[in-house]
Amino acid sequence: MTNLIEELQWRGMIQDIMPGTEEQLNKEMTTGYIGFDPTADSLHIGNLVPIILLNHLQRCGHKPLALVGGATGMVGDPSGKSEERNFLSEETLNHNLACVKKQLEKYLDFNSSKPNAAEMVNNYDWFKHISFLDFIREAGKHITVNYMMAKDSVKKRLNSDSGMSFTEFTYQLVQGYDYYWLYTNKQCRLQMGGSDQWGNIVTGTELIRRKTGGEAFAFTCPLITKADGGKFGKSEKGNVWLDPAKTSPYQFYQFWLNTADADAEKYIKIFTFLPKAEIDALIAAHTGNEHQRQLQKKLAEEVTCFVHSRADYEFAVKASEILFNNDTAEILAQLNEDQLLQVLDGVPTVNIAKSVLEAGADIVSLLADTKIMPSKGEARKMVQNGGISINKVKVEGIETSITASQLLNNRYLLVQRGKKHYHLVVVE
RNA sequence: GGGCAGUUUCCAGAGCGGCCAAAUGGGGCGGACUGUAAAUCCGCUGUCUACGACUUCGGUGGUUCGAAUCCACCACUGCCCA
């Protein structure tokens with residue numbers, strides 16, 4: 001049994017830890033859990049850290065429980081939120097729950113023949129049987145309001161103008177009860193989470209101690225930050241999702257590849273399972289040769305393979321080469337239709353009628369009509385600034401006209417605005 | 001309820017009768033350099049049938065040859081007094 005805490009420590013994944021946690025983990029196979037809130041119909045890369053924590057737990061020979069918050073999702077966690085959250089409708093919640101469960105199955109080993117097989121639990125399953133009165137007698141009696149009010153997440157909101165509803169105030173008790181329930185019914189002895197969860201987690205261990213006299217353990221992982229102060233996990237297009245239908249593997253790969261130097265060392269430790277020796281070697285090789293971006297490439301490779309697949313990764317690399325290398329006009333022209341569409345998967349497309357090109361369309365009108373540029377004025381300026389390329393060839397001058405002879409595979413036109421923005425024009 | 005100040009293009013903020021599509025800064029977007037980075041430098045940033053035309057300066061009317069600029073009313077915002 002590998003020492004989990006030691007492993008996580010050098011990776012910089014431990015923020016707070018309850019005394020005795022390491023001893024418990026070294027003593028026996030321990031069951032540990034993390035909760036996932038069904039706030040959307042897909043997990044995003046912010047949820048990747050908890051997934052990886054559970055994965056490490058399992059690799060070290062312990063038993064992970066992934067808890068989906070069917071009940072807690074109905075309440076809303078106030079931690080880190082400055083305002084009261086809106087309720088999700090029941091259908092949305094159920095839909096999200098199903099999606100999240102399906103995703104989680106990909107990342108842990110649920111093969112029940114193993115003693116430390118992962119398990120999925122839904123806290124709605126036990127909360128649906130508990131009446132309000134049962135709850136306030138069973139859980140509420142053991143925790144004082146004074147104790148609950150002392151939590152940071154609560155204090156902040158009490159001092160704010162928006163206040164805090166009774167519902168959200170209760171959240172920590174609901175989550176605390178989860179831990180108590182898992183403690184008594186699943187022999188769960190460990191809870192993990194982001195450091196913003198510390199307050200809620202401690203309420204759980206407190207509840208366990210007061211109700212059963214038993215001891216439960218916990219640790220948290222630092223929240224992921226970016227060196228430039230931006231919010232981690234957002235790309236220009238918004239959240240980076242794990243669902244390939246919402247964020248294509250190519251975009252996912254690009255997100256990691258674009259990691260800033262200042263963050264890369266930290267991220268490769270947290271988001272990959274590479275052993276310490278290999279990471280140290282990579283960092284050493286990267287230092288002084290930052291322009292080669294070895295760290296970013298390895299990071300993007302590992303995470304893309306873990307979340308999607310090796311095939312998806314290889315494809316993303318190929319697509320990146322075609323899209324970003326300069327002398328690829330010829331390669332592009334050689335691709336067949338299938339390859340072309342795969343490389344450009346996720347690129348926004350516009351349809352135009354073939355007749356438009358037969359007479360030769362002037363570049364400015366084409367850009368404006370296809371909505372690639374919002375107006376002719378802007379299209380004109382963009383072309384004059386050298387910001388538009390067709391099929392990887394820069395457009396020179398606003399008099400340029402586009403004809404059917406330029407179509408790739410007789411159907412497609414790859415329009416590029418600036419370095420990173422692509423549009424696929426499909427002729428019908 | 002009374003008094004004062006304000007409302008300008010994505011944001012902040014100049015302009016106070018013609019020289020205003022409107023200074024400057026920020027942001028955004030391009031280009032060069034680079035590592036699909038940072039920093040730096042350069043350009044663009046109301047629309048169009050584009051060396052010109054058209055529509056914008058809270059709203060509606062008015063004064064004037066001419067208004068973002070002056071007047072009236074309305075709406076909203078901020079500050080002060082009740």
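Chain letters run A, B, ... following the sequence lines, proteins first and then strands; every chain starts at 1.
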Phosphate OP1/OP2 of [N]: any [X] side-chain N/O under 4.0 Å:
{"X": "A:K297", "N": "B:A37", "result": "no"}
{"X": "A:K419", "N": "B:A37", "result": "yes"}
{"X": "A:H291", "N": "B:A38", "result": "no"}

For [X], report the nucleic acid contact type (base, sugar-phosphate, nothing); a contact means any heavy atom under 4.0 Å.
{"X": "A:Q296", "answer": "base"}
{"X": "A:K381", "answer": "sugar-phosphate"}
{"X": "A:L323", "answer": "nothing"}
{"X": "A:Q384", "answer": "nothing"}

Practice task
State whether a side-chain donor-acceptor pair under 3.5 Å links A:D362 with A:S401.
Solution key: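 Side-chain D/A pair, A:D362 to A:S401: absent.
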Practice task
Determine whether the side chains of A:Q191 and A:Q175 contain a donor N or O and an acceptor N or O closer than 3.5 Å.
Solution key: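 A:Q175 and A:Q191 do have a side-chain donor-acceptor pair below 3.5 Å.
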In whole Å, measure the gap between the [atom1] atoms of [N] and [M] for me.
{"N": "B:A22", "M": "B:A53", "atom1": "P", "result": "14 Å"}
{"N": "B:A21", "M": "B:G52", "atom1": "P", "result": "12 Å"}
{"N": "B:G46", "M": "B:A38", "atom1": "P", "result": "25 Å"}
{"N": "B:U69", "M": "B:U8", "atom1": "P", "result": "13 Å"}
{"N": "B:A75", "M": "B:G61", "atom1": "C1'", "result": "15 Å"}
{"N": "B:C11", "M": "B:G2", "atom1": "P", "result": "33 Å"}
{"N": "B:C48", "M": "B:C65", "atom1": "P", "result": "35 Å"}
{"N": "B:C81", "M": "B:G28", "atom1": "C1'", "result": "44 Å"}

Could you state the atom-to-atom distance from [atom1] of [X] to [atom2] of [N] in whole Å?
{"X": "A:F255", "N": "B:U36", "atom1": "CZ", "atom2": "P", "value": "19 Å"}
{"X": "A:D261", "N": "B:U36", "atom1": "CG", "atom2": "C1'", "value": "13 Å"}
{"X": "A:H423", "N": "B:G30", "atom1": "NE2", "atom2": "C1'", "value": "14 Å"}
{"X": "A:Q292", "N": "B:A37", "atom1": "CD", "atom2": "C1'", "value": "15 Å"}
{"X": "A:I398", "N": "B:A50", "atom1": "CD1", "atom2": "P", "value": "10 Å"}
{"X": "A:Q294", "N": "B:G35", "atom1": "CD", "atom2": "P", "value": "14 Å"}
{"X": "A:K226", "N": "B:A38", "atom1": "NZ", "atom2": "C1'", "value": "13 Å"}
{"X": "A:E399", "N": "B:A50", "atom1": "CD", "atom2": "C1'", "value": "11 Å"}

Side chain of [X], heavy atoms from C-beta onward: which of [options] has the nearest atom to it?
{"X": "A:R417", "options": "B:U49, B:C29, B:U36", "value": "B:C29"}
{"X": "A:N385", "options": "B:G31, B:G43, B:U36", "value": "B:G43"}
{"X": "A:R380", "options": "B:A50, B:G31, B:U36", "value": "B:A50"}
{"X": "A:K376", "options": "B:A50, B:G30, B:U36", "value": "B:A50"}

Is there a Watson-Crick or G-U wobble partner for [N] with both distances under 3.5 Å, and which nucleotide is it?
{"N": "B:C33", "result": "none"}
{"N": "B:G25", "result": "B:C11"}
{"N": "B:C48", "result": "B:G52"}
{"N": "B:C20", "result": "none"}
{"N": "B:A5", "result": "B:U77"}

Exercise for the section: Take A:E302 and A:K298 through the test salt bridge (charged side-chain N to carboxylate O under 4.0 Å, His left out) and record every step on the way to the result. Expected result: CA-CA 6 Å; A:E302 290 294 316; A:K298 193 66 186 171; 3.7 Å; yes
Exercise for the section: State which residue, out of A:F252, A:Y313, A:W256, fulfils the ring-ring contact (aromatic ring centres under 6.0 Å, His included) condition with A:H308. Expected result: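 Output: one option passes, namely A:F252.
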Handout entry: Along RNA chain B (nearest heavy atom to each residue), the more 5'-positioned of A:G386 and A:V364
Key =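 Nearest nucleotide further toward 5': that of A:G386.
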Exercise for the section: Assign each of A:S375 and A:T259 to its nearest nucleotide of RNA chain B by heavy atoms, then name whichever residue's nucleotide is nearer the 5' end. Expected result: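 Its nearest nucleotide lies further toward 5', so the answer is A:T259.
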Practice task
Side-chain contact test, heavy atoms from C-beta onward, threshold under 4.5 Å: evaluate it for A:I388 versus A:I372 and give yes or no.
Solution key: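 Answer no - side chains too far apart.
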Handout entry: Side chain A:D261, main chain A:E290, donor-acceptor under 3.5 Å
Key =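 Pair absent, no side-chain N/O of A:D261 close to backbone of A:E290.
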Problem - Listed partners of A:V347 passing side-chain contact (heavy atoms from CB on, under 4.5 Å), at least two apart - result: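 By the side-chain contact (heavy atoms from CB on, under 4.5 Å) rule, A:V347 matches A:L344, A:Y422, A:L424.
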Practice task
Assess whether one donor atom and one acceptor atom, taken from the side chain of A:E378 and the base of B:U45, lie less than 3.5 Å apart.
Solution key: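 Side chain to base: no pair below 3.5 Å.
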Practice task
Considering only NZ, NE, NH1 and NH2 on the basic side and carboxylate oxygens on the acidic side, decide whether A:E7 and A:R11 come within less than 4.0 Å.
Solution key: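 Between A:R11 and A:E7 there is a salt bridge, with a charged N closer than 4.0 Å to a carboxylate O.
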